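Below is one structure, written out as structure tokens; comments come after it.
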Amino acid sequence: MKLSARLVAAAAVLATAAACAPQTSGTSSSDKDEKSGTLRVWLFQEVNNKPKEQVVDSVLAEFEKAHKDTEVTVEYIPVETRAQRIKAAFNDPKSAPDLIEYGNTDTAGYVKDGGLADVTEEFADWSEAKDTDPTARQSVTVDGKVYGAPYFVGVRALYYRTDVFDELGLDVPKTQAELISTAKEIHAAKPELYGIAVGGAYTYGAMPFIWAHGGELATGKGGSYASAIDSADARKGIEAYTSLFGDDNCPAAKCAGMGGNDTVTAFASGKAAMAIGGDFSHAAVEAGKVKGKYAVVPLPGVEAGSIAPAFAGGNNLGVLKSTAHRTLAVDLMERLASKKAQGALFEGMGFLPTFSDVREQVAAKESFVKPFVETLAADTKFVPASPAWAQIDSSLVLPTMFQEVVSGKKGVDAASRDAAEKMNAAFGSAG
């Protein structure tokens with residue numbers, strides 16, 4: 001038996017190839033369905049990946065025991081470069097994995113690219129599928145067909161240092177205005193700390209500010225969307241978020257390029273008094289210097305007592321259409337996404353299960369789940385269900401907008417107007 005979790009040295013070559021790879025338009029299906037051999041799996045690298053690896057290795061051990069003459073190699077790839085890596089795999093089936101983890105925002109785009117296998121029949125026959133919550137099920141569904149299995153659901157909330165708040169006699173912010181002023185007050189009192197760690201490349205940490213102010217990313221549905229990122233309400237949210245970049249909180253020179261993992265790492269390592277992190281960030285924070293000295297509350301909205309709408313995130317698992325091991329890959333997908341495995345991922349990583357019954361069980365056992373469940377219940381939003389979103393996301397349209405503002409290169413109006421033009425061009429090209 002061979003269990004492998006490694007980064008392949010050819011990653012740089014693949015990423016470079018992806019940059020000049022042609023647009024995919026229907027990756028061909030393999031006409032093989034081999035029942036032995038080696039399966040290749042790509043999963044995402046987390047901030048603290050060891051607990052995830054342990055859960056995965058346990059599943060693989062059972063899988064390989066059930067399937068003789070079969071072995072699995074797992075590569076953990078950076079989330080930030082997933083678009084290039086997966087696009088390259090779609091263009092070169094011979095080097096592609098059999099099974100991938102992918103963000104739920106990528107489903108429509110990957111289906112349009114022809115990279116994911118239609119597993120509607122297998123999903124319907126899977127005994128555990130009936131307990132998948134409707135939102136998670138929708139995240140793997142395009143035009144009524146299923147293209148994977150939900151892996152976990154994720155929302156973000158506000159992590160804060162209880163020791164710092166107690167020392168400075170601060171109250172937990174109840175509005176976004178209080179959040180901003182509290183962050184700056186902390187940094188003034190403790191210049192070595194970011195009041196709140198924010199990132200110019202942290203799209204999903206910024207979205208709640210836009211939504212809380214009444215803004216939207218886009219309007220429309222189905223195949224027809226138009227950007228709304230330059231609306232008056234959206235601009236208020238952009239101004240609120242970008243006001244957190246500067247020498248009075250999180251210096252632009254250091255924070256403009258930070259992504260979500262960077263902000264969580266800053267908080268976990270004791271360099272920030274607050275951060276916007278997911279339920280999936282819990283394990284990393286627990287493994288950091290702030291263990292036992294933090295708490296989590298829903299991210300506040302504009303009005304006192306309100307909760308800012310959160311991005312309904314999460315990841316899925318999908319079988320590539322080009323696999324020569326379809327039956328084996330589907331079985332492994334279901335094992336990795338099973339109730340048992342999702343329960344173990346929650347224990348190890350804090351990932352919220354996609355099964356309603358399992359989520360209720362873990363929420364009853366662990367208090368840290370409460371603010372995330374409250375956030376899920378309050379109001380969650382999703383990105384436009386368009387293949388264009390993958391292009392918008394991978395081409396960094398929104399991070400570029402935020403970074404232009406925090407660097408002083410452009411004002412909010414100009415930056416949001418340019419971002420809207422890029423989004424509309426993507427929506428138009430998606431047909």
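All figures in this text were calculated on a predicted structure; none of them were measured in a lab.
- Between the side chain of Asn49 and the backbone N or O of Glu46, at least one donor-acceptor pair lies under 3.5 Å.
- When atom types are taken as modelled, the side chain of Asp131 and the backbone of Ser356 share no donor-acceptor pair closer than 3.5 angstrom.
- Annotation: side chain of Thr182 is not in contact with side chain of Val172 (no heavy-atom distance under 4.5 Å).
- For the residue pair Asn48 and Ala284, the shortest heavy atom distance occurs at CB-CA, 4.0 Å.
- The backbone N or O of Pro353 lies less than 3.5 Å from a partner atom in the side chain of Arg359, making a donor-acceptor pair.
- Screening Arg85, Lys52, Arg82 for a salt bridge (Lys or Arg N to Asp or Glu O under 4.0 Å) with Glu101, the sole residue that qualifies is Lys52.
- For the pair Glu53 and Lys50, the salt-bridge criterion is met [side-chain N within less than 4.0 Å of a carboxylate O].
- Not less than 6.0 angstrom separates the ring centroid of Tyr110 from the ring centroid of Tyr147.
- For Lys339, the NZ atom is densely surrounded, since the number of other residues' heavy atoms within 6.0 Å is greater than 12.
- Under a 4.0 Å N-O distance rule, the pair Lys340/Glu128 does not qualify as a salt bridge.
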**Request:** With side chain to side chain contact (heavy atoms under 4.5 Å, CB included) as the test, would you mind laying out the steps for Ile392 and Lys422 before giving the verdict?
**Result:** CA-CA 8 Å; Ile392 292 168; Lys422 294 175 185 176; over 6 Å; no
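- A donor-acceptor contact closer than 3.5 angstrom links the side chains of Asn316 and Ser139.
- The line from CG of Asp279 to OG1 of Thr375 is 9.5 Å long, rounded to the nearest 0.5 Å.
- In terms of heavy-atom proximity, Thr263 sits nearest to Ile276 at OG1-O, 4.2 Å.
- Here Met349 contributes atom CE and Ser281 contributes atom OG; the two are 8.5 Å apart, rounded to the nearest 0.5 Å.
- Between Glu334 and Glu122, some side-chain heavy-atom pair lies under the 4.5 Å cut-off.
- For Phe368 and Phe346, the ring centers are positioned less than 6.0 Å apart.
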**Request:** Could you check Ile238 against Ile229 for side chain to side chain contact (heavy atoms under 4.5 Å, CB included), going step by step and ending with a plain yes or no?
**Result:** CA-CA 9 Å; Ile238 296 169; Ile229 199 65; 4.3 Å; yes
**Request:** Report the C-alpha separation of Val198 and Phe402 in whole Å, then their side-chain angles, then the decisive distance to 0.1 Å, and conclude whether the side chain to side chain contact (heavy atoms under 4.5 Å, CB included) test is met.
**Result:** CA-CA 11 Å; Val198 288; Phe402 294 126; over 6 Å; no
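- Test Tyr202, Trp211, Phe209 against Tyr241 for ring pair (Phe, Tyr, Trp, His ring centres under 6.0 Å) and you get one pass: Phe209.
- Other residues, nucleotides and ligands place more than 12 heavy atoms under 6.0 Å from the CG atom of Asp166.
- Using a 3.5 Å distance cut-off with no hydrogens or angles, the side chains of Thr354 and Gln342 do pair a donor with an acceptor.
- With hydrogens and angles ignored, the 3.5 Å screen pairs a side-chain donor or acceptor of Gln403 with a backbone N or O of Ala256.
- Side chains of Leu398 and Leu217 form a contact here, defined as non-hydrogen atoms less than 4.5 Å apart.
- Using a 4.5 Å heavy-atom threshold, the side chains of His213 and Val302 count as touching.
- Between the OH atom in Tyr194 and the CG atom in Leu244 there is a gap of 13.5 Å [rounded to 0.5 Å].
- Proximity of Leu116 to Ile100: side-chain heavy atoms (C-beta onward) are separated by under 4.5 Å at one or more points.
- Annotation: the span from Ile210 atom CD1 to Arg235 atom CZ amounts to 12.0 Å, rounded to 0.5 Å.
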**Message:** Using the rule given for side chain to side chain contact (heavy atoms under 4.5 Å, CB included), can you reason through Leu179 versus Leu299, listing the C-alpha separation, both sets of side-chain angles and the distance that settles it, and then say yes or no?
**Reply:** CA-CA 9 Å; Leu179 173 68; Leu299 183 69; 3.9 Å; yes
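- A donor-acceptor pair shorter than 3.5 Å cannot be found between the side chains of Ser416 and Asp230.
- From Tyr151, atom OH reaches atom CG of Leu336 across 5.5 Å, with rounding to the nearest 0.5 Å.
- For Glu374 against Pro298, the heavy-atom pair with the smallest separation is OE1-CG, 3.5 Å.
- For Thr132 (side chain) and Ala129 (main-chain N/O), a donor-acceptor pair under 3.5 Å exists by modelled atom type.
- Using a 4.5 Å heavy-atom cutoff, the side chains of Phe152 and Leu352 are not in contact.
- His282 places none of its side-chain heavy atoms less than 4.5 Å from the side chain of Phe372.
- Between atom CG of residue Leu39 and atom OG1 of residue Thr323 there is a gap of 6.0 Å, rounded to the nearest 0.5 Å.
- Residue Gly205 comes nearest to Pro208 through the heavy atom pair O-CD, 3.4 Å, listed as atom of the first residue, atom of the second, then distance.
- Counting only N and O atoms by type, the side chains of Ser231 and Asp233 include no donor and acceptor under 3.5 Å apart.
- The side-chain heavy atoms of Arg137 and Phe123, taken from C-beta on, include a pair separated by under 4.5 Å.
- In this structure, the side chain of Asp262 engages the main chain of Gly259 through a donor-acceptor pair within 3.5 Å.
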**Message:** For Asp331 and Arg335: C-alpha separation, side-chain torsions, deciding distance, then whether salt bridge (charged side-chain N to carboxylate O under 4.0 Å, His left out) applies.
**Reply:** CA-CA 6 Å; Asp331 181 44; Arg335 288 171 183 263; 3.0 Å; yes
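- The 12-atom threshold is not exceeded at CG of Asp247, counting heavy atoms of other residues, nucleotides or ligands nearer than 6.0 Å.
- Applying the ring pair (Phe, Tyr, Trp, His ring centres under 6.0 Å) test between Phe165 and each of Tyr159, Tyr294, Tyr160 identifies Tyr160 as the sole match.
- In this structure, Ala89 and Ala96 approach most closely via the heavy-atom pair O-CB, 3.5 Å.
- Judged purely by atom type and a 3.5 angstrom limit, Ser181 uses its side chain to pair as donor or acceptor with the backbone of Ala177.
- Counting non-hydrogen atoms of other residues, nucleotides and ligands closer than 6.0 Å to NZ of Lys145 gives a total of 12 or fewer.
- At most 12 heavy atoms of other shown residues, nucleotides or ligands fall within 6.0 angstrom of atom CD in Glu121.
- Counting heavy atoms of neighbouring residues, nucleotides and ligands inside a 6.0 Å radius, atom CD of Glu303 does not exceed 12 of them.
- Atom CD of Gln138 is surrounded by 12 or fewer heavy atoms from other residues, nucleotides or ligands within 6.0 Å.
- Aromatic ring pairs are classed by plane angle as parallel below 30°, tilted from 30° to 60° and perpendicular above 60°; the pair Phe355 and Trp126 is perpendicular.
- For Ala212 against Gly301, the heavy-atom pair with the smallest separation is CB-CA, 4.3 Å.
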